[in-house]
Amino acid sequence: MTPEHIAAVKASWEQLRPISEQTAFLFYTRLFEQHPDLHGMFRTDSREQGHKLLAMLDTAVASLADLDALEPDIRELGGRHVGYGVMDGHYPLFEDAMHWALSQGLGDGWTADVEAAWRALFGRLSRTMRAGAGPAA
Ligand code: HEM
């Protein structure tokens, strides 16, 4: 991620902080509306799931300047996702729903630069998680 990406993600994450739970809720609602077949994979209720996702993203945003340090944890997260039934092809669906939820939460703050910055972050997270999942299924 470039320094511009890092600054844009950090600033927009702060903007979302007061409405992070609603944004997480929007994300799951969108994901399951668009892909109802994915719902069965999730065992925990979406509120608790949302908290885990937000905590993970909070850590990632705090570590943007040195994501390499988080790499082993992100790879392990990807390994656990294999156990949840997640496959490579699910990652773009997850990212699309996430970008949509971020765009709703940020409103006018969702500019082309902000979008590019979040795409860079999720691209990196997804690549690392998929690498941790082992050879593509
Ligand atoms: C950048 C991408 C992703 C991130 C950062 C992420 C993050 C997380 C986190 C932090 C957890 C909590 C459990 C744990 O730590 O093992 C989790 C669980 C889970 N994720 Fe993801 N995830 C991503 C992609 C996906 C994708 C693509 C899917 C499939 C559509 C998915 C489905 C699940 C499921 C089914 C669970 C377990 C739910 C449960 O316990 O009921 N995730 N994810």
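We count ligands from 1, going down the list as the structure has it; atoms in each ligand are counted the same way.
Side-chain atoms of Gln104 and Thr23, non-hydrogen and from C-beta on, never get closer than 4.5 Å to each other. With contacts defined as side-chain heavy-atom distances shorter than 4.5 Å, the pair His99/Arg119 qualifies. The shortest side-chain heavy-atom distance between Leu67 and Leu70 falls under the 4.5 Å cut-off.
Between Tyr91 and His81, the two ring planes are tilted [angle within 30° to 60°]. In this pair, Trp118 and Trp13 present their aromatic rings tilted. The plane angle is within the 30 to 60° band.
With respect to the salt-bridge test (charged N to carboxylate O, under 4.0 angstrom), the residues Arg124 and Glu71 qualify. The pair Glu33-Arg30 does not meet the salt-bridge criterion, since no charged nitrogen lies less than 4.0 angstrom from a carboxylate oxygen. A salt bridge between Arg47 and Glu21 is present, with a side-chain N of the basic residue lying under 4.0 Å from a carboxylate O of the acidic one.
Residue-ligand proximity, Val86 to ligand 1, at heavy-atom distances under 4.0 Å covers atoms 26 (C), 27 (C), 28 (C), 29 (C), 31 (C), 32 (C). Using a 4.0 Å cut-off to heavy atoms of Arg43, the atoms of ligand 1 that qualify are 39 (C), 41 (O). Here is the list of ligand 1 atoms found below 4.0 Å of a heavy atom in Thr44: 39 (C), 40 (O), 41 (O). Below 4.0 Å from some heavy atom of Leu38 lie the following atoms of ligand 1, by number and element: 30 (C). Below 4.0 Å from some heavy atom of His90 lie the following atoms of ligand 1, by number and element: 27 (C), 29 (C), 30 (C). Residue Leu77 approaches ligand 1 through these ligand atoms, each under 4.0 Å from one of its heavy atoms: 7 (C), 9 (C), 10 (C), 14 (C), 15 (O), 16 (O). Counting the atoms of ligand 1 from 1 in the order shown, those under 4.0 Å from a heavy atom of Leu53 are 6 (C), 7 (C). Close contacts between ligand 1 and Met41 involve ligand atoms 35 (C) [criterion: under 4.0 Å to a heavy atom].
Residue contacts with ligand 1, taken as heavy atom pairs separated by less than 4.0 Å, involve Met56 solely via side-chain atoms from C-beta onward. Residue Arg80 touches ligand 1 through its side chain alone, judged by heavy-atom distances below 4.0 Å.
Protein heavy atom closest to atom 4 (C) of ligand 1, with residue, atom name and distance, is Met129 SD, 3.7 Å. Among protein heavy atoms, the minimum distance from atom 17 (C) of ligand 1 is reached at Gln49 NE2, 3.3 Å. Looking only at protein heavy atoms, the nearest one to atom 12 (C) of ligand 1 is Lys52 CD, 3.6 Å. Among all protein heavy atoms, the one lying closest to atom 32 (C) of ligand 1 is Phe42 CZ, 3.3 Å.
The closest heavy-atom contact to atom 25 (C) of ligand 1, among the options Tyr84, Phe94, Phe122, Tyr91, comes from Phe94. The option with the heavy atom closest to atom 42 (N) of ligand 1, from among His39, Glu76, His81, Arg124, is His81.
At least one donor-acceptor pair under 3.5 Å links the side chain of Ser12 to the backbone N or O of Val9.
Closest heavy-atom contact between Leu38 and Phe42: O-CD1, 3.5 Å.
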